2 protein chains.
Amino acid sequence: MRESATERLTATAARLFQERGLTRVGINEIIREADVARMSLYNNFKSKEDLALAAYSAVSKNRQDAVDAAIAASDGPEAAILAIFDLAVDLASRASFRGCAFIDLAAHAGLNDARLLDLARGHKAALRGRFSRLAQQAGRSDPETLARQLLALWDGSLTDAFIEGDTAPISAARSAAEHLLRQGE
Amino acid sequence: MRESATERLTATAARLFQERGLTRVGINEIIREADVARMSLYNNFKSKEDLALAAYSAVSKNRQDAVDAAIAASDGPEAAILAIFDLAVDLASRASFRGCAFIDLAAHAGLNDARLLDLARGHKAALRGRFSRLAQQAGRSDPETLARQLLALWDGSLTDAFIEGDTAPISAARSAAEHLLRQGE
DNA sequence: CGCTAAATAGACCGACTTGTCTATCCGGTG
DNA sequence: CACCGGATAGACAAGTCGGTCTATTTAGCG
């Protein structure tokens with residue numbers, strides 16, 4: 001037996017929301033792609049926003065796991081930070097890449113559903129927290145500021161990579177991160 | 001006599017689109033706020049996207065003028081670059097701030113209308129071009145890379161400032177720009 | 001087999017969207 | 001005053017959206 005309707009719905013919604021954003025994907029398309037009846041969606045989720053909450057949570061968890069794996073595979077905090085930027089290149093190299101899904105989510109969900117905005121905030125805070133921890137392990141005196149700088153480089157370079165259709169902004173951001181790491185050690 | 005319908009429509013659309021984004025503002029709201037009849041909109045613009053094109057073009061021009069004014073008022077290219085980041089603080093301090101309007105535009109218009117995506121691309125390229133010129137004036141050997149780094153810091157910090165609801169990311173980005181300027185002079 | 005409970009397809013609803021059409025009104029000009 | 005072109009309000013069309021409901025089929029199980 002194949003995976004449950006809930007799993008198929010969550011996975012399909014996660015994929016479509018990443019590819020085109022929350023508001024540009026309707027439930028008709030989701031249930032068609034997930035091969036699930038309309039009522040099966042509403043039997044498993046109270047609303048589209050509840051489904052979105054589950055889908056984006058799964059995406060967030062996957063991203064954080066990938067970041068943690070990259071950190072674990074790296075030799076020291078500085079290398080780990082650069083390895084995280086290498087992940088961004090992977091993300092942006094996918095054909096369907098359209099910028100960070102959580103930026104789009106925050107821009108879109110802000111006014112309607114506080115839960116979705118909180119999820120986007122939490123995702124960014126989680127990444128920033130990892131940067132901060134690594135900066136602290138690298139012996140930085142002000143790890144929070146460095147973490148904010150690295151997060152801005154991450155978010156901005158992913159955004160610019162989408163707008164330009166090229167990964168050059170991410171490479172540049174990675175080298176900026178190297179400079180910042182060398183600066184105040 | 002007050003300003004023309006075209007001017008009122010463009011100004012109103014520019015304001016609303018900045019506040020809430022292209023797709024979250026309908027023409028009904030625009031014509032109501034602009035105090036213009038429905039048909040007056042369609043007599044002056046072929047479609048909502050044509051109005052959006054005019055509105056976002058005006059916003060882009062205003063932003064570029066503000067950047068140029070900040071550059072002109074600065075003492076040297078390094079100071080000019082930092083002055084541009086001070087502009088970001090002003091932008092993000094407005095109560096209605098919801099991140100860079102052109103990032104939202106690019107994310108949203110990408111699939112529907114190539115003209116709007118090109119406008120967003122052009123806006124980012126214009127800012128990047130100014131960073132590049134300043135970097136060159138500062139005697140940098142690789143002004144393009146520095147320009148990309150500064151643009152990523154700009155876009156990322158504006159985005160993070162919106163998501164966090166605080167201007168701290170911009171201050172951090174500004175100090176990162178200072179570091180980058182000191183680094184490879 | 002027969003029963004039950006769940007999953008299904010699809011009609012349907014109300015709200016909302018952009019865009020068109022029509023009928024009216026207002027202001028400037030001869 | 002009479003006229004006329006442009007602006008007006010608002011009905012309307014055609015489509016999409018999220019969500020509900022019903023009638024039917026399917027699947028599990030004693």
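Since the model is a prediction, treat every value here as computed from it, not as a measurement. Naming: A, B, ... by sequence-line order, numbering from 1 per chain.
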Original post:
Could you give the CG-to-P distance, from A/N28 to C/dA9, as a whole number of Å?
Top reply: 13 Å
**OP:** Side chain of A/Y42 only, please: which of C/dT17, D/dT20, C/dT20 is the nearest?
**Re:** D/dT20
Original post:
In whole Å, what is the span from the CD1 atom of A/I30 to the P atom of D/dG18?
Top reply: 8 Å
Original post:
In whole Å, what is the span from the CG atom of A/D35 to the C1' atom of C/dT8?
Top reply: 11 Å
Original post:
Does a nitrogen or oxygen in the side chain of A/S40 sit under 4.0 Å from OP1 or OP2 of C/dT8?
Top reply: yes
**OP:** Please check if the side chain of B/R130 supplies one atom and the backbone of B/D68 the other of a donor-acceptor pair under 3.5 Å.
**Re:** no
Subject >> For atom CD1 of B/I31 and atom C1' of D/dA9, their distance in whole Å >> reply: 10 Å
Original post:
If you pin A/V25 and A/M39 to their nearest nucleotides in DNA chain D, which one's is more 5'?
Top reply: A/V25
Subject >> Among C/dT17, D/dG18, D/dT8, the nucleotide that comes nearest once only the side chain of A/I27 is considered >> reply: D/dG18
**OP:** Could you check how far CG of A/L9 sits from C1' of D/dG18, rounded to whole Å?
**Re:** 15 Å
Original post:
Within a reach of under 6.0 Å around CG of A/D75, are more than 12 heavy atoms found that belong to other residues, nucleotides or ligands?
Top reply: no
Subject >> Donor/acceptor link under 3.5 angstrom from B/R38 side chain onto base of C/dG19 >> reply: yes
Original post:
Parallel, tilted or perpendicular: which describes the rings of A/H123 and A/F102, with under 30° parallel and over 60° perpendicular?
Top reply: parallel
Original post:
Rounded to whole angstrom units, what separation is found between the CZ atom of A/R32 and the C1' atom of C/dA9?
Top reply: 15 Å
Subject >> Spacing between A/K46 atom NZ and D/dG19 atom P, to the nearest angstrom >> reply: 10 Å
Original post:
Sub-3.5 Å donor-acceptor pair from the side chain of A/R121 to the main-chain atoms of B/I163, do we have one?
Top reply: yes
Original post:
Contact class for B/N43 (heavy atom, under 4.0 Å): base, sugar-phosphate, or nothing?
Top reply: nothing
Original post:
Atom CZ of A/F45 to atom C1' of D/dG18: distance rounded to whole Å?
Top reply: 16 Å
**OP:** Look at the aromatic rings of B/F97 and B/F162 and report parallel, tilted or perpendicular, splitting at 30° and 60°.
**Re:** perpendicular
